[in-house]
Amino acid sequence: AGATDTRGKEIGHGFAERTTFVVTPDGKVAATIGGIAPARIFVANEYPGRDYALVPPRPIALAAGPARPVLLFLGRLVEVKGVNYLLRAFAVVERRRPDAALVIAGDGPQRAELEALAADLGIRSVEFIGLVSDPGIKSALLRRASAMVVPSVRTRGIAEGGPLVVLEALSAGLPVIGSDALGSST
């Protein structure tokens, strides 16, 4: 059996065995994760910014219906964010889980290229919603998502530090799926 998140959903068979560590928003969440050695669970409860669990959500209409699992990317659409890899991975996920949806919240110089890539890959359940700066909209997205995806990459010697979006997601109790290129991965 795989690990279980705070919402009672199985994270995935074999997840615990392949995971270097798991980051959770607090000790209560950490206590609910089964199959992962406690030494590999990091509790990040010292977030200095906005606690999105306390921000009232504002209405936002998404194409994904309320029962569908949603993966959320929130950030600038630039090479170091690795969204092209996320789209390629999501194309595989969508074939295996046709009910899954991907929401890409952000804007940047790669947006048109990434939208074209999504179309070329035949992804049906991706929605590019643009820049989100309103805390209420961000709160609604964090509450609606099943997981935050942070696919950052190292490119031309450049890597992200510790993306703030990881802490924002954790403050809302949202699981985070991140790449090994994150500054927060060590």
Side-chain angles (χ1 to χ4, degrees), residues 1-16 18-75 81 83 86 89-90 93 97 99-106 125 127 129 131-152 160-180 182-186:
T4 304
D5 77 4
T6 59
R7 298 168 188 162
K9 300 176 192 168
E10 187 166 310
I11 294 172
H13 180 73
F15 173 80
R18 296 187 316 265
T19 301
T20 304
F21 70 92
V22 174
V23 180
T24 69
D26 59 43
K28 186 176 175 184
V29 172
T32 67
I33 299 174
I36 298 175
R40 292 180 13 213
I41 298 175
F42 174 73
V43 179
N45 59 359
E46 297 299 322
Y47 175 51
R50 187 181 308 265
D51 183 346
Y52 279 95
L54 303 177
V55 175
R58 288 175 36 108
I60 181 169
L62 296 175
R68 295 179 72 184
V70 171
L71 297 176
L72 173 64
F73 170 85
L74 184 60
K81 298 292 188 174
V83 179
L86 171 58
F90 187 74
V93 169
R97 290 285 310 263
D99 61 327
L102 174 62
V103 173
I104 296 178
S125 298
E127 187 173 2
I129 64 171
L131 176 67
V132 174
S133 56
D134 181 307
I137 298 293
K138 190 180 285 188
S139 178
L141 289 170
L142 292 169
R143 290 169 192 242
R144 174 61 185 90
S146 304
M148 173 71 71
V149 185
V150 186
S152 301
E160 278 199 280
L164 181 60
V165 71
V166 170
L167 298 175
E168 291 173 337
L170 292 174
S171 80
L174 186 63
V176 177
I177 302 167
S179 68
D180 194 32
L182 293 174
S184 55
S185 70
T186 55

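Predicted model only: the values in this text are computed from it and were never measured. Values below: all heavy atoms of this structure, side chains included; hydrogens, waters and symmetry mates excluded.
- For the residue pair Val70 and Ala64, the shortest heavy atom distance occurs at CG2-CB, 3.9 Å.
- Under the 3.5 Å distance criterion, the side-chain polar atoms of Arg58 are left unmatched by any main-chain donor or acceptor of Ile137.
- In this structure, Ser146 and Pro175 approach most closely via the heavy-atom pair O-CD, 3.6 Å.
- In plain terms, the two heavy atoms of Ala169 and Leu142 that are nearest each other are CA-CD2, 4.0 Å.
- The side chain to side chain contact (heavy atoms under 4.5 Å, CB included) test applied to Leu62 returns Ile60, Val103, Glu127, Ile129, Leu141, Arg144, not counting sequence neighbours.
- In this structure, Phe73 and Val149 approach most closely via the heavy-atom pair CD1-O, 3.6 Å.
- Counting only distance, with no hydrogens or angles, the side chain of Ser171 and the backbone of Glu168 share a donor-acceptor pair below 3.5 Å.
- Closest of all the heavy-atom pairs between Pro69 and Arg97 is CG-NH2, 3.6 Å.
- Here the shortest heavy-atom pairing between Met148 and Leu72 reads SD-O, 3.2 Å.
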